[in-house]
Amino acid sequence: MAEAYKVSDWSGANGAHWVSNQVRLDAMLDVFGTEALAAAAPREGERVLDIGCGAGASSFALAAKVGASGHVLGVDISAPLLERARLIAPTGAPLAFELADAGEAALPHAAFDLLFSRFGVMFFADPTAAFTHMRKALKPGGRLAFVCWRGATENDWVRLPMGAIKGMIPDVPPSDPEAPGPFSFGDQARIERILAAAGFTDIAVLPFDHDIPFGHGNTREAALDDAVAMAFEVGPLSRALADQPQEIRARAAIAVRKAFAQRPGENAVMIDGAAWIVTALSPAS
Ligand SMILES: C[S@@+](CC[C@H](N)C(=O)[O-])C[C@H]1O[C@@H](n2cnc3c(N)ncnc32)[C@H](O)[C@@H]1O
């Protein structure tokens, strides 16, 4: 069975890079989270579980919707990201955060109106078991709504930089597309299979495409430099180049910058992103 992303991945260097790039990452992911939030339609007074909440942007948005009579619990395996979430949480928001694996955390039974996630559900070793566990925390008739990436080949923000460094590093054998990782929910049929097996009904998986503002700067040149720096710190390119010598990394930076320069954008480089917006229900009884 595939290894889940380990706590150490998200609490170690990866988590640290997410924390130091939190503002930029939130700007990049915002439109996708907003679309998932619209699909989730949280209402005042509802109780929500935010799965893999990271630094908390989606938890804050959910808390604003459910208001003081509602509550949001953000669960994540990354200590540094949760620390960041607690630090930047709006004062007085109806929120709590818990350091736990959402797929096996001690969750209250039939307690939540909504399970939500912005890109936090693709890392379970056994997604069917994890979703079965989380569904039991939903009230009968409760809702699930999340956004996840479609396949890597559909997402230019990974296809472009990875294409640019082709031939510079030894070809890695294609990884199992179902192994835990950002693109493990790329296949619509697989999402439907997992959720049906986990006991959800009324499953809908809809494509959502949008530009992602990569990097930022006061000029296009500064934005391009920032976009390259970011791709070297977070995501598939950073992992592919992590153990490469400085000479290769320097060549790769030039090639990735050239690839990004083909994309429009003045204060950020606009790169196509392709996601699924997924909704489902817990059976009414
Ligand atoms: C791509 S990040 C998204 C973070 C956040 N939702 C956002 O949109 O900014 C994935 C998040 O899922 C968390 N995660 C991964 N596996 C998890 C698990 N089994 N249980 C809870 N959180 C998990 C990671 O620590 C990380 O914060």
Side-chain angles (χ1 to χ4, degrees), residues 1-37 40 48-63 72-89 95-107 115-134 137 145-150 152 155 157-158 179-186 194 208 210 212 230 233-236 238-239 273 275-278:
M1 176 176 293
E3 278 268 302
Y5 263 45
K6 295 179 290 298
V7 172
S8 54
D9 294 323
W10 286 107
S11 278
N14 195 24
H17 286 142
W18 268 76
V19 169
S20 56
N21 287 290
Q22 173 251 316
V23 173
R24 288 190 284 187
L25 285 162
D26 278 340
M28 292 162 72
L29 302 180
D30 182 57
V31 68
F32 296 92
T34 301
E35 190 72 12
L37 196 69
V48 186
L49 179 67
D50 189 7
I51 304 157
C53 62
S58 51
S59 306
F60 309 153
L62 288 160
V72 179
L73 174 64
V75 174
D76 202 286
I77 52 168
S78 169
L81 279 166
L82 281 187
E83 192 183 327
R84 181 69 168 196
R86 291 190 178 104
L87 186 74
I88 61 176
L95 268 175
F97 292 106
E98 190 178 318
L99 181 65
D101 179 334
E104 49 190 46
L107 299 169
L115 302 183
F116 183 86
S117 186
R118 185 180 88 169
F119 298 115
V121 294
M122 305 88 86
F123 306 97
F124 298 114
D126 184 343
T128 303
F131 273 99
T132 304
H133 176 75
M134 295 186 293
F146 65 81
V147 58
C148 60
W149 296 118
R150 303 215 298 277
N155 272 289
W157 59 271
V158 57
F183 304 105
S184 68
F185 274 27
I194 289 168
F208 177 70
H210 206 282
I212 302 175
M230 201 156 162
E233 284 205 6
V234 182
S238 71
R239 287 191 287 279
W276 296 121
I277 301 289
V278 180

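Counting starts at 1 for both ligands and their atoms, in listed order.
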Suppose we call two aromatic rings close when their centres sit under 6.0 Å apart. Are [X] and [Y] close by that rule?
{"X": "Phe32", "Y": "Phe208", "value": "yes"}
{"X": "Phe183", "Y": "Trp157", "value": "yes"}
{"X": "Trp18", "Y": "Trp10", "value": "yes"}

Discussion item. Tell me whether Asp76 contacts the main-chain N or O of Leu82 through its side chain, where contact means a donor paired with an acceptor under 3.5 Å.
Written reply: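 It does not hold such a pair.
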Discussion item. Main chain of Ala275, side chain of Arg150: is a donor-acceptor contact present, judged purely on distance under 3.5 Å?
Written reply: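 Between the backbone of Ala275 and the side chain of Arg150 there is a qualifying donor-acceptor contact (under 3.5 Å).
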Suppose I only count heavy atoms of [X] and a 4.0 Å limit; which atoms of ligand 1 are within that range?
{"X": "Phe124", "value": "18 (C), 19 (N)"}
{"X": "Phe123", "value": "10 (C), 15 (C), 16 (N)"}
{"X": "Ser78", "value": "25 (O)"}
{"X": "Leu81", "value": "27 (O)"}
{"X": "Phe119", "value": "1 (C), 2 (S), 3 (C), 10 (C)"}
{"X": "Asp101", "value": "18 (C), 19 (N), 20 (N)"}

Backbone or side-chain N or O of [X] under 3.5 Å from ligand 1 N or O:
{"X": "Arg118", "answer": "yes"}
{"X": "Ser58", "answer": "no"}
{"X": "Gly52", "answer": "yes"}
{"X": "Ala55", "answer": "no"}
{"X": "Trp18", "answer": "no"}

Worksheet item: At a 4.0 Å cut-off, with the gap strictly under it, does some heavy atom of Cys53 reach an atom of ligand 1?
Response: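 It does; at least one heavy atom falls under 4.0 Å.
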Discussion item. Less than 4.0 Å is my threshold; does some heavy atom of Ala100 fall inside it relative to ligand 1?
Written reply: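 Ala100: in contact with ligand 1 (<4.0 Å).
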Practice prompt. Output all residues satisfying side chain to side chain donor-acceptor pair (under 3.5 Å) with Asn21, sequence neighbours left out; order by chain, then residue number.
Written response: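 Arg24, Glu233.
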Item to complete: Step through the shown structure and confirm whether more than 12 heavy atoms of other residues, nucleotides or ligands are within 6.0 Å of CD on Glu98.
Response: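 More than 12 within 6.0 Å, yes.
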Worksheet item: Is any side-chain heavy atom of Phe185 closer than 4.5 Å to a side-chain heavy atom of Pro127?
Response: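 Yes; the side chains approach each other to less than 4.5 Å.
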Item to complete: Check each of Asp50, Asp26, Asp30 against Arg118 using the side chain to side chain donor-acceptor pair (under 3.5 Å) test, and report the only one that passes.
Response: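 When Asp50, Asp26, Asp30 are each tested with Arg118, the side chain to side chain donor-acceptor pair (under 3.5 Å) holds only for Asp26.
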Practice prompt. Identify which of Ile51, Ile77, Asp26 has a heavy atom lying nearest to atom 14 (N) of ligand 1.
Written response: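 It is Ile77 that holds the nearest heavy atom.
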